[in-house]
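So the structure is just underneath, and the comments pick up after that.
Keep in mind that the numbers below use all heavy atoms, side chains included, and drop hydrogens, waters and symmetry copies. Please read all numbers here as calculations on a predicted model, not as lab measurements. In the text below, chain A, chain B and the rest are named by the order of the sequence lines, each starting its count at 1.
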Protein chains: 2
Amino acid sequence: MGDKPTLNPRHNKAEVFARLRDAHAREVTEDYVEMISDLIHEEGEARSVALAERFGVTAATVNNTIKRLERDGYVTSRPYRSIFLTEKGETLAKKCRDRHQIVYNFLVSIGVDPDTAEFDAEGIEHHVSEETLRVFAAVSRADDAL
Amino acid sequence: MGDKPTLNPRHNKAEVFARLRDAHAREVTEDYVEMISDLIHEEGEARSVALAERFGVTAATVNNTIKRLERDGYVTSRPYRSIFLTEKGETLAKKCRDRHQIVYNFLVSIGVDPDTAEFDAEGIEHHVSEETLRVFAAVSRADDAL
DNA sequence: AAAGCAATTTAGCCTTGACTAACTTTGAAA
DNA sequence: TTTCAAAGTTAGTCAAGGCTAAATTGCTTT
Ligand SMILES: [Mn+2]
Ligand SMILES: [Mn+2]
Ligand SMILES: [Mn+2]
Ligand SMILES: [Mn+2]
């Protein structure tokens, strides 16, 4: 009557894909708060036009996304003014920046070309669990100590 | 008059994000052809109901996706019958299966728990360039040779 | 052969994330 | 202080990828 005991417990692929869809739903948010934070540090403020240029999308697309981020509590903004991170946004931005850096450093440390690492890290970062991130960081440290 | 020589050539982040959006556009297709191929090998045929169960989505969603794959030349199907890969579909499936395996093996080889590796590989695989994949494979081989 | 259940399809809806085109606002230069 | 280009907004469109509910088909079992 109970579940059959299984040696390999996940023939339950559905969980894996559910988690994947969750990660996808967060990607744009994560890249935006990270970029907004970068702009504030590098240029003093985050303007729509700079986001559009850096992401390679139109101003209208940035506008839509910022409205969503505002709705979800990550940023504040007033018409025709620059964009600010909320506490929640800052917290996420820091987490994402750190994670991004760890992934990038890891790739370079195992021998990936820095240019390629920059491309790949932008996607990989959103699919790295806490555990894998810790392993990446440890490997980077070990490789640095050459 | 020429481009200014730059030490760090990519303050051109837009390229990175354009490539990222491309990768996203291919993800579902890649996971579907891989899964269809798995089902054909494991169960003799690929039925909608099995795809829905493994991905954790509804039958209607599978139907939409299969129509898109058919439109794009990856599968053939007839109403109420099972799904077949075209040559193009088979080729992509093989590439994706191999890549998936390399990413998974790599994660495990550097010390990530197999369970976690299974989750993370499902996302990471779509964002790994040819170059990074070669490095992953090389690292796995080196770690195996312990 | 008919019934009924499981599988599949269809129709209609939603959100995200992209676009173009047209309009409004801001702010710097004239 | 006027003007006008750049920045930002709004409106409308589209495809992908999800969903539910309802209709249809195929298959198995009586
Ligand atoms: Mn990032
Ligand atoms: Mn990213
Ligand atoms: Mn895969
Ligand atoms: Mn995948």
Length of the [atom1]-[atom2] vector between [X] and [N], whole Å:
| X | N | atom1 | atom2 | value |
| --- | --- | --- | --- | --- |
| I83(A) | dG8(D) | CD1 | P | 7 Å |
| D31(A) | dA18(C) | CG | C1' | 15 Å |
| L20(B) | dA18(C) | CG | P | 9 Å |
| R21(B) | dA15(D) | CZ | C1' | 15 Å |
| F17(B) | dA18(C) | CZ | P | 11 Å |
| R26(A) | dG17(C) | CZ | C1' | 18 Å |
| L69(B) | dA16(D) | CG | P | 11 Å |
| R78(B) | dT24(D) | CZ | P | 22 Å |

Residue whose nearest DNA chain C nucleotide is more 5′ - H24(A) or A60(A)
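The residue mapped nearer the 5' terminus is H24(A).
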Taking for each residue the nucleotide of DNA chain C bearing the nearest heavy atom, is the 5' side occupied by N64(B) or by N64(A)?
N64(B)
Can you check whether [X] has a side-chain N or O nearer than 4.0 Å to OP1 or OP2 of [N]?
| X | N | value |
| --- | --- | --- |
| R47(B) | dA7(C) | no |
| R81(A) | dT9(D) | no |
| K67(B) | dT9(C) | no |
| T58(B) | dC19(D) | yes |
| T61(A) | dC19(C) | yes |

Classify the nucleic acid contact of V28(A) as base, sugar-phosphate or nothing, counting any heavy atom under 4.0 Å across all strands shown.
sugar-phosphate
Against H126(A), only a single residue in H24(A), E30(A), R26(A), H100(A) fulfils side-chain hydrogen bond (donor to acceptor under 3.5 Å, both in side chains); can you say which?
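So, applying the side-chain hydrogen bond (donor to acceptor under 3.5 Å, both in side chains) to H126(A) and each of H24(A), E30(A), R26(A), H100(A), only E30(A) qualifies.
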With nearest nucleotide decided by heavy atoms, which residue, D72(B) or G56(B), maps closer to the 5′ end of DNA chain D?
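On the 5' side of the pair lies D72(B).
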Could you work out which one of dC19(C), dA7(D), dT9(C) sits closest to the side chain of N63(B)?
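In terms of side-chain proximity for N63(B), the closest of dC19(C), dA7(D), dT9(C) is dT9(C).
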Any side-chain heavy-atom pair from F119(B) and D113(B) closer than 4.5 angstrom?
no
Regarding E53(B) and R47(B), does a basic nitrogen lie under 4.0 Å from an acidic carboxylate oxygen?
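Result for this pair is no, no salt bridge flagged.
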Are side-chain N/O atoms of T76(B) and E70(B) paired as donor and acceptor at under 3.5 Å?
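No, because no side-chain N or O of T76(B) sits under 3.5 Å from a partner of the opposite role on E70(B).
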Okay, side chain of D120(B), backbone of S129(A): is any donor-acceptor separation there less than 3.5 Å?
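Yes, D120(B) side chain to S129(A) backbone: donor-acceptor pair under 3.5 Å.
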Got a donor-acceptor pair under 3.5 Å from the side chain of Y80(A) to the base of dT9(D)?
no
